[in-house]
Amino acid sequence: MPRRGPWSLYKRGRVLHRLRPDLQGWPFGATIPARTLEVTLKRTGPVVLMFLSPLVFSVLGYGQLDRISIPAGTPEDQALTAISNEQDTQKKLAMYQDFLQKFSTNPAAVAYGNLQISQAYQSAGDLPKALEYGDKALAGSPHNLDILVSQAGIAGQLKNDSKVMDYSALGGELYNSISKQAKPEGMSDAEFAQRIDDEKSAAKSSYEFLEAAAFNAIAEEPDATKRMADIERFTPTFPNSRFQEQVASYAMMSLSELKDTPRLISYGEKTLVADPNNLPTLLLLATTYVDDPKPGSLTKAVTYSQKAIEVAKADAPGADRSRRISAGVAHATMGYAYMKQEKTAAAIPELKSASALLKGLDDQQYAIAMYRLGFAYAKLSRVSEARDVLQEAVKISGPVQQPAQELLVKVNAARAKGR
């Protein structure tokens, strides 16, 4: 996934559309290890489970994962064959209910029957019932990635992001457990390593589906506290995620909303240890430090702003809108830091660079840069330049329009006095 501009993170409606991976219509294939059932999944579509051959039912541990299997010719197999031949959905549901009662002492048969009922309800559009029976299937086969993928898909259709995160986290933990299993006695190191690789390869598509579903849940969560809790589950469950840059941005945005500056700074600096050129993190740390009253914070704001400008490469051929905005905000932050350090003359070139980069790309950030530039000119009694800049700033509706207007009145009064 291409990197996105961090400052769009403050516009939640847009960022959710831009950063969220598109799972709509994403074909996903997975096979239960017995190679007797095939699952074809779409995040918002029905999950169809088809018989490919006569089955025998038992829940078996394959490594750290469950698989469901049934020997041909058993009463369970015969009952399932009869059910699969029934075309009427309601009759088929009734037959599955009878199946559950008849084979209630066989945990695998019960798990499979509940999963089939869940799929039937999902296809019929009764998603709460589908989720209910899927949970029953999961209770009978708790280490089954295919069931977890199915449940995450149903929960996603229900817009129940809390459940999506629960199923995704469980699935991610199961996948990670493959590498942690003990080597069977008598198996060589090479054979064991190959087995681990094979199991992980077979489960990878399920893992990636759940990883994306969990990221969606984070992106769609409006509450900063819950979003941060989801991120803290996501990070260890999906290490080295393909979404790690976006997740880090959401984490710092959440901590910023919670006004938890110490934790935000700690999280951001840890992120930069792993990824020193993470542009969203550099910018958010710069803008956090510039408003932090602690000694040394303004120096850090300048340092992170300079690094962000370097990483953004706004003057490079083909630099996109996102990188130009990022560089513009970094220049504006550095100029603001210089002003707070009483280095007003040094602030002006930075604020001019910010204005040039932001004009026509981000009106609000442009207005902020122009207001601060006008303030800097006024402080140095360069009132004509201050007037020209502030006249531009007051044209833009937003939080700095009123203070820009008030400052413009003072500048005009100063000009009238010949200052």
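- Atoms CG and NE2, on L138 and H143 in that order, are 9.0 Å from each other to the nearest 0.5 Å.
- Judged as a side-chain hydrogen bond (donor to acceptor under 3.5 Å, both in side chains), the pairs with a partner in residues 162-173 (not counting sequence neighbours) are, in order, D135-Y167, Q151-Y167, D166-R233.
- For K129, there are no side-chain hydrogen bond (donor to acceptor under 3.5 Å, both in side chains) partners, not counting sequence neighbours.
- Evaluation of the side-chain contact (heavy atoms from CB on, under 4.5 Å) rule for D291 yields Y336, K340 as partners, not counting sequence neighbours.
- When all heavy atoms of F234 and E211 are compared, the pair lying nearest together is CE1-O, 3.5 Å.
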Atom pairs and distances, donor-acceptor, side-chain atoms in residues 298-310, under 3.5 Å, two or more places apart:
from: T303; atom 1: OG1; to: T299; atom 2: O; distance (Å): 3.0
from: Y304; atom 1: OH; to: E269; atom 2: OE2; distance (Å): 3.4
from: S305; atom 1: OG; to: A301; atom 2: O; distance (Å): 2.8
from: K307; atom 1: NZ; to: N277; atom 2: OD1; distance (Å): 3.2

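- Rounding to the nearest 0.5 Å places CG of L373 at 13.5 Å from CD1 of I368.
- Shortest non-hydrogen contact noted between L380 and T344 is CG-CG2, 3.9 Å.
- Between L80 atom CG and Y112 atom OH the span is 6.0 Å, to the nearest 0.5 Å.
- The side-chain hydrogen bond (donor to acceptor under 3.5 Å, both in side chains) search around Q244 returns none, not counting sequence neighbours.
- Side-chain contact between D275 and T281 is absent, with no heavy atoms from C-beta onward closer than 4.5 Å.
- Screening residues 93-109 for salt bridge (charged side-chain N to carboxylate O under 4.0 Å, His left out) gives no qualifying pairs among residues at least two apart or on separate chains.
- The pair K136-E132 meets the salt-bridge criterion, with a side-chain N (NZ, NE, NH1 or NH2) lying under 4.0 Å from an Asp/Glu carboxylate O.
- A donor-acceptor pair is defined here as one N or O able to donate and one able to accept, closer than 3.5 Å; such a pair exists between the side chain of S355 and the backbone of L351.
- For Q87, there are no side-chain hydrogen bond (donor to acceptor under 3.5 Å, both in side chains) partners two or more places apart in sequence or in a different chain.
- Not a single side-chain hydrogen bond (donor to acceptor under 3.5 Å, both in side chains) links K343 to another residue, sequence neighbours left out.
- Residue pairs meeting the salt bridge (charged side-chain N to carboxylate O under 4.0 Å, His left out) criterion with at least one member in residues 394-403, sequence neighbours excluded, are E392-K395.
- Side-chain contact between D161 and N216 is absent, with no heavy-atom pair separated by less than 4.5 Å.
- Evaluation of the salt bridge (Lys or Arg N to Asp or Glu O under 4.0 Å) rule for D88 yields no partner, not counting sequence neighbours.
- Within a 6.0 Å sphere centred on NZ of K183, other residues, nucleotides and ligands contribute more than 12 heavy atoms.
- With sequence neighbours left out, L357 forms a side-chain contact (heavy atoms from CB on, under 4.5 Å) with A314, R324, A327, H331.
- Annotation: side chain of Y133 is not in contact with side chain of Q119 (no heavy-atom distance under 4.5 Å).
- Between atom CD1 of residue I265 and atom OG of residue S297 there is a gap of 6.0 Å, rounded to the nearest 0.5 Å.
- Between atom CD of residue Q364 and atom OG of residue S397 there is a gap of 8.0 Å, rounded to the nearest 0.5 Å.
- At distances below 3.5 Å, not a single donor-acceptor pair connects side-chain atoms of R227 with backbone N or O atoms of A219.
- Atom OH of residue Y338 and atom CD of residue E350 lie 6.0 Å apart, to the nearest 0.5 angstrom.
- One N or O on the side chain of R321 and one on the backbone of L361 form a donor-acceptor pair closer than 3.5 Å.
- Under the rule for a salt bridge (Lys or Arg N to Asp or Glu O under 4.0 Å), the partners of E385 that lie at least two apart in sequence or sit in another chain are R382.
- Summarising the local packing, NZ of K92 is surrounded by more than 12 heavy atoms from other residues, nucleotides or ligands at distances under 6.0 Å.
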